[in-house]
Amino acid sequence: MSSILRSIQLRNSIWSGFPVRFLKQQAGLSTVNLLDPRSCGKRHFTTEVQEHGKEVAEAATILIFDLETTGYFHKDHRIIEFALCDLSGGKNSTFQTLINPERTVPDHVERLNNIGTDLVCRPGIPRFSDVTPLLLAFVRSRQAPGKPILWVAHNAKNFDARFLAQEFDRCSASLPADWLFFDTLTLAKKMLKAEGKKRLTNLEALREHYGIHSHNDAHRAMRDVMILSQVFQKMTFDLKLTNEELINEAMKASEFSKSS
DNA sequence: AGTGCATTCCTAATCCACAA
DNA sequence: TTGTGGATTAGGAATGCACT
């Protein structure tokens, strides 16, 4: 495939707050023959989540993320959609892309999120190995000097972080050492335990608990990222968690390396 | 549909008080 | 001192829940 075609496909497939030209420069890739970013009608800019996270974000760059995959187990399945949102908000604060898993998407997964084999297993959809350098460039562009990246996901410990680490392994890459992972599912369970209450701790239950409105019922990565962004801020506010406590409770990227 | 974590439940072991 | 019964504790098994 020609580099020009590949660039166009990447631009059309990755919905990022940043122009792909910028990301490719950051990733050390050629920017020749890219179309004017302003001509790309599919790009999404998200600035909904802003001021709330600024205080927390001072100690680290906080990236809320979510994955859609072909199944549950990271060793047997692949990522089909990736979305993240920088909690500090502002322009260019989101990154979202479908990912070609190079395998079929089971029917029960397609019914859940409307992402089927036909949608992701086609030439225009980047593989994870294509996305990796752009993702790294995006993260670097959001990272404050000397501060870690705090990745936040619901069930990160057992699901999202493991899948991310597995995909990096498949690319013969490793997660950067200054990436930390924070699990909001663990936090939700601690919160309920402290309250002495019993209720469900899945993301939908937390969304309803906090009265967060969702415009879309489909189970998609960016939708869940936007919900989790609000849930995370409300939970950390309720629990009066400090920046240091969040970072101290986070898991290091090395905990999700090849052995996991 | 698979896996891992946290919680709950059950059983066995241990400890202590009391009576013979 | 010894035996018994109740209370407590520890550990393993089972269960529930979270994620797509």
Side-chain angles (χ1 to χ4, degrees), chain A residues 63-85 95-121 125 127-128 131 151-170 175 180-210 212 214 216-232 234-235 239 249-260:
Chain A
L63 302 179
I64 312 292
F65 78 110
D66 188 59
L67 310 174
E68 301 301 314
T69 71
T70 58
Y72 289 134
F73 189 42
H74 59 287
K75 290 188 187 296
D76 296 338
H77 293 277
R78 304 295 299 270
I79 296 173
I80 55 176
E81 190 179 38
F82 182 95
L84 72 83
C85 172
F95 184 101
Q96 177 185 16
T97 181
L98 289 169
I99 293 172
N100 186 340
E102 299 176 291
R103 53 166 292 174
T104 56
V105 179
D107 291 342
H108 65 271
V109 172
E110 182 174 359
R111 282 195 294 273
L112 185 75
N113 53 27
N114 297 329
I115 301 174
T117 306
D118 293 345
L119 183 62
V120 289
C121 292
I125 303 300
R127 296 160 300 189
F128 193 86
V131 173
W151 291 87
V152 176
H154 204 59
N155 205 11
K157 185 190 290 186
N158 293 324
F159 190 81
D160 301 83
R162 290 179 191 271
F163 264 97
L164 198 58
Q166 183 70 49
E167 291 290 5
F168 269 73
D169 282 348
R170 288 195 181 101
L175 297 172
L180 303 173
F181 291 89
F182 188 88
D183 189 353
T184 52
L185 175 59
T186 304
L187 186 64
K189 287 179 177 176
K190 282 182 182 176
M191 186 175 72
L192 289 186
K193 192 176 180 180
E195 292 175 354
K197 294 177 182 173
K198 277 199 170 187
R199 90 175 103 85
L200 294 175
T201 53
N202 62 45
L203 189 56
E204 276 306 299
L206 293 171
R207 183 184 69 77
E208 289 181 13
H209 172 71
Y210 285 116
I212 298 166
S214 175
N216 187 355
D217 288 337
H219 208 315
R220 293 297 292 267
M222 187 52 84
R223 168 192 178 270
D224 288 353
V225 163
M226 288 305 155
I227 292 170
L228 184 59
S229 296
Q230 297 179 64
V231 167
F232 174 69
K234 289 177 183 295
M235 279 200 298
L239 293 169
E249 291 196 22
M251 293 158 287
K252 295 177 181 175
S254 58
E255 296 181 43
F256 303 99
S257 58
K258 288 170 185 167
S259 58
S260 62

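Here is how names work: the chains are called A, B, and so on, in the same order as the sequence lines, proteins then strands, and each is numbered from 1. Heavy atoms only: backbone and side chains are in, while hydrogens, waters and symmetry mates are out.
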Starting from [atom2] on [N], measure out to [atom1] on [X] and report it in whole angstrom.
X: His74(A); N: dG2(B); atom1: NE2; atom2: P; value: 15 Å
X: Asp160(A); N: dG4(B); atom1: CG; atom2: P; value: 16 Å
X: Leu185(A); N: dC5(B); atom1: CG; atom2: C1'; value: 9 Å
X: Glu81(A); N: dT20(C); atom1: CD; atom2: P; value: 11 Å
X: His77(A); N: dA18(C); atom1: NE2; atom2: P; value: 20 Å
X: Asn202(A); N: dG16(C); atom1: CG; atom2: C1'; value: 13 Å
X: Leu192(A); N: dA18(C); atom1: CG; atom2: C1'; value: 13 Å
X: Glu204(A); N: dC19(C); atom1: CD; atom2: C1'; value: 13 Å

(message) I'd like to know if the side chain of Thr69(A) reaches the main chain of Arg78(A), judged simply by a donor and an acceptor atom lying under 3.5 Å from each other, with no hydrogens or angles considered.
(response)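 No, because the side chain of Thr69(A) does not come within donor-acceptor range (under 3.5 Å) of the backbone of Arg78(A).
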(request) Return yes if some donor-acceptor pair links the side-chain N/O of Glu255(A) with the main-chain N/O of Lys252(A) below 3.5 Å, else return no. (result)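 Answer holds: yes.
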(request) If a pair satisfies side-chain hydrogen bond (donor to acceptor under 3.5 Å, both in side chains) and one of its residues is in residues 106-119 of chain A, list it, with sequence neighbours excluded. (result)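 Sorted pair list: Glu68(A)-Asn113(A).
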Can you figure out which of [options] approaches the side chain of [X] most closely?
X: Phe73(A); options: dT20(C), dG2(B), dC19(C); answer: dG2(B)
X: Asn158(A); options: dT20(C), dG4(B), dC19(C); answer: dG4(B)
X: Thr201(A); options: dC17(C), dT3(B), dC19(C); answer: dC17(C)
X: Arg162(A); options: dC5(B), dT20(C), dC17(C); answer: dC5(B)

Have a look at [X] and say if it touches a base, only the backbone sugar-phosphate, or nothing, with a 4.0 Å heavy-atom cut-off.
X: Asp183(A); value: nothing
X: Leu200(A); value: sugar-phosphate
X: Asp76(A); value: nothing

(message) On the nucleotide dC19(C), are OP1 or OP2 found under 4.0 Å from the side-chain N or O atoms that His154(A) carries?
(response)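 For dC19(C), OP1/OP2 do have a side-chain N/O of His154(A) under 4.0 Å.
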Run the side-chain contact (heavy atoms from CB on, under 4.5 Å) test against [X] and tell me which residues pass, sequence neighbours left out.
X: Leu239(A); answer: Leu187(A), Met191(A), Leu241(A)
X: Asn100(A); answer: Glu102(A), Cys121(A), Ile125(A), Arg127(A)
X: Ala83(A); answer: Gln96(A), Ala221(A), Met222(A), Val225(A)

(message) Taking salt bridge (Lys or Arg N to Asp or Glu O under 4.0 Å) as the definition, give me every residue that meets it alongside Lys189(A), ordered by chain and number, with sequence neighbours left out.
(response)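 Once residues adjacent in sequence are excluded, Lys189(A) has no partner under the salt bridge (Lys or Arg N to Asp or Glu O under 4.0 Å) criterion.
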(request) Would you kindly check whether a donor in the side chain of Tyr72(A) faces an acceptor in the base of dT20(C), or vice versa, at under 3.5 angstrom? (result)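 Answer is yes: a donor-acceptor pair is held.
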N/O contacts under 3.5 Å, protein versus nucleotides 6-8 of chain B?
from, atom 1, to, atom 2, distance (Å)
dT8(B), OP1, Lys198(A), NZ, 3.3

